[in-house]
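Here is the structure we will look at, set down as structure tokens.
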2 protein chains.
Amino acid sequence: MTEITASACCSPTCCSLDISGVDQERLVAMFKALGNPIRFEILKFLVAHPGCITGDIVDYLPIAQATVSQHLKVLREAGWISGVTEGPARCYCLNAENIAWFREQITQIMS
Amino acid sequence: MTEITASACCSPTCCSLDISGVDQERLVAMFKALGNPIRFEILKFLVAHPGCITGDIVDYLPIAQATVSQHLKVLREAGWISGVTEGPARCYCLNAENIAWFREQITQIMS
DNA sequence: TGCATTTATCGTATTTATACGATAAATTAT
DNA sequence: ATAATTTATCGTATAAATACGATAAATGCA
């Protein structure tokens, strides 16, 4: 195993990444879900339009309704958003708890 | 546009996601790169073995050398790591500056 | 009940990601 | 120069992601 001193090419420890098991999988899944520009735009739209319905997001984005539905499913399953049935429509919101969890994990493991 | 009160299904604003243009693309690229369990493991390995060479990571992971090299390229291009040529080998480290940038972006836009 | 509205799912086409073996490229040592 | 070591790249096979139209499912209303 090559072990060189930090001064040779590395900065001093910048993060611990101390996370494991279930939490790590959950975190990676959240990373994966948000690693897509369309889905990031959906999150931003939900900040500006909390409680809007799927159709509003479909109108906003330049992609088909079926595709939007798929993206919403990915974001839901990763925990970024939650959807509440409102009649035949579905009202979407950011999932504040999970987002807070994500932020806390990042601040913890990346310092 | 359906606009309902926050109380109906949404928590109070939990994040601004106030980011745009180049920064947003950079952030999404970092999300995408780390949204893979192998690449997350590589980062964790680099925390424990700063300055190790590609071969050490290859020995550690249960995948082929060519595949590891691809993953390292993804992490490099996203800014998570940096590699310094050390003779015929390449010494890898976490990219502290970019990681700090990521952490700061998250704390800023997710609160 | 029947119809309109809204969203999810199905089937499928295309693109991208992931993985591997083989080989090339770069460096060091002989 | 040759050989050994190390990593990157090429070509390619397979899996996963992304996209769409069509259709089903669920709900509310006439």
Side-chain angles (χ1 to χ4, degrees), chain A residues 1-4 8-10 25 28-43 45-46 49-78 80-93, chain B residues 1-4 8-9 25 28-43 45-46 49-93:
Chain A
M1 168 70 69
T2 304
E3 289 285 2
I4 66 173
C9 91
C10 298
E25 287 178 31
V28 169
M30 292 188 81
F31 268 99
K32 186 174 185 178
L34 214 50
N36 173 289
I38 293 280
R39 289 195 286 267
F40 197 92
E41 285 299 331
I42 291 176
L43 277 206
F45 186 81
L46 286 179
H49 308 93
C52 70
I53 65 174
T54 306
D56 297 328
I57 305 173
V58 172
D59 292 341
Y60 175 66
L61 296 173
I63 57 178
Q65 177 266 325
T67 309
V68 173
S69 190
Q70 277 184 330
H71 282 304
L72 289 172
K73 187 178 184 181
V74 172
L75 288 172
R76 253 188 290 122
E77 292 180 346
W80 287 107
I81 65 175
S82 45
V84 173
T85 298
E86 198 86 14
R90 199 160 191 183
C91 145
Y92 275 104
C93 294
Chain B
M1 169 70 68
T2 303
E3 289 285 2
I4 65 173
C9 91
E25 286 177 32
V28 170
M30 291 189 82
F31 267 99
K32 186 175 186 179
L34 214 49
N36 174 288
I38 294 279
R39 290 195 285 267
F40 197 92
E41 285 299 330
I42 291 176
L43 278 206
F45 186 80
L46 286 179
H49 307 93
C52 70
I53 65 174
T54 306
D56 297 328
I57 304 173
V58 172
D59 292 340
Y60 175 66
L61 296 172
I63 57 179
Q65 177 267 323
T67 309
V68 172
S69 190
Q70 276 185 329
H71 281 304
L72 289 172
K73 186 177 184 181
V74 172
L75 288 171
R76 253 188 292 123
E77 292 180 345
W80 287 106
I81 65 175
S82 44
V84 173
T85 297
E86 197 85 15
R90 199 161 192 181
C91 144
Y92 275 105
C93 294

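Numbered from 1 within each chain, the chains take letters A, B, ... in sequence-line order.
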Going by side-chain contact (heavy atoms from CB on, under 4.5 Å), name the residues that satisfy it together with Ala29(A), two or more places apart in sequence or in a different chain. none
All ring-ring contact (aromatic ring centres under 6.0 Å, His included) counterparts of Phe40(B), not counting sequence neighbours: none
[X] [atom1] to [N] [atom2], straight-line distance once rounded to whole Å:
X: Leu72(B); N: dT18(C); atom1: CG; atom2: C1'; value: 14 Å
X: Ile42(A); N: dT7(C); atom1: CD1; atom2: C1'; value: 14 Å
X: Ile53(B); N: dT5(D); atom1: CD1; atom2: C1'; value: 9 Å
X: Glu77(B); N: dT16(C); atom1: CD; atom2: C1'; value: 15 Å
X: Ile57(B); N: dT6(D); atom1: CD1; atom2: P; value: 14 Å
X: Ile81(B); N: dT7(D); atom1: CD1; atom2: P; value: 12 Å
X: Leu61(B); N: dT7(D); atom1: CG; atom2: P; value: 13 Å

Does the protein touch nucleotides 19-30 of chain D at the base, only the backbone, or not at all? Give it as B, S and - per nucleotide, heavy atoms under 4.0 Å. BBBB----BS--
Once the angle between the rings of Phe31(B) and Trp80(A) is folded into 0 to 90°, is it parallel (under 30°), tilted (30 to 60°) or perpendicular (over 60°)? perpendicular
Roughly how far, to the nearest 0.5 Å, is CD1 of Ile57(A) from CD1 of Ile81(A)? 6.5 Å
Return no unless some side-chain N or O of [X] is found under 4.0 Å from OP1 or OP2 of [N].
X: Tyr92(B); N: dA8(D); value: yes
X: Arg90(A); N: dA8(C); value: yes
X: Arg76(B); N: dA8(D); value: yes
X: Lys32(A); N: dA17(D); value: yes

If I compare all heavy atoms of Pro37(B) with all of Val28(A), which pair ends up nearest, and what's the gap? N-CG1, 3.9 Å
Does Arg39(A) or Val58(B) map to a spot on DNA chain D nearer the 5' end, using the closest nucleotide for each? Val58(B)
For a quick check of understanding: with a heavy-atom distance under 4.0 Å over all strands, which category does Ser69(A) fall into, base, sugar-phosphate or nothing? base
For residues Leu46(A) and Cys52(A), determine if any side-chain heavy atom of one lies less than 4.5 Å from a side-chain heavy atom of the other. yes
Scan the side chains in residues 60-74 of chain B for donor-acceptor partners under 3.5 Å anywhere in the protein, sequence neighbours excluded, and list what turns up.
unit_1   : atom_1 : unit_2   : atom_2 : d
His71(B) : ND1    : Arg39(B) : NH1    : 3.0

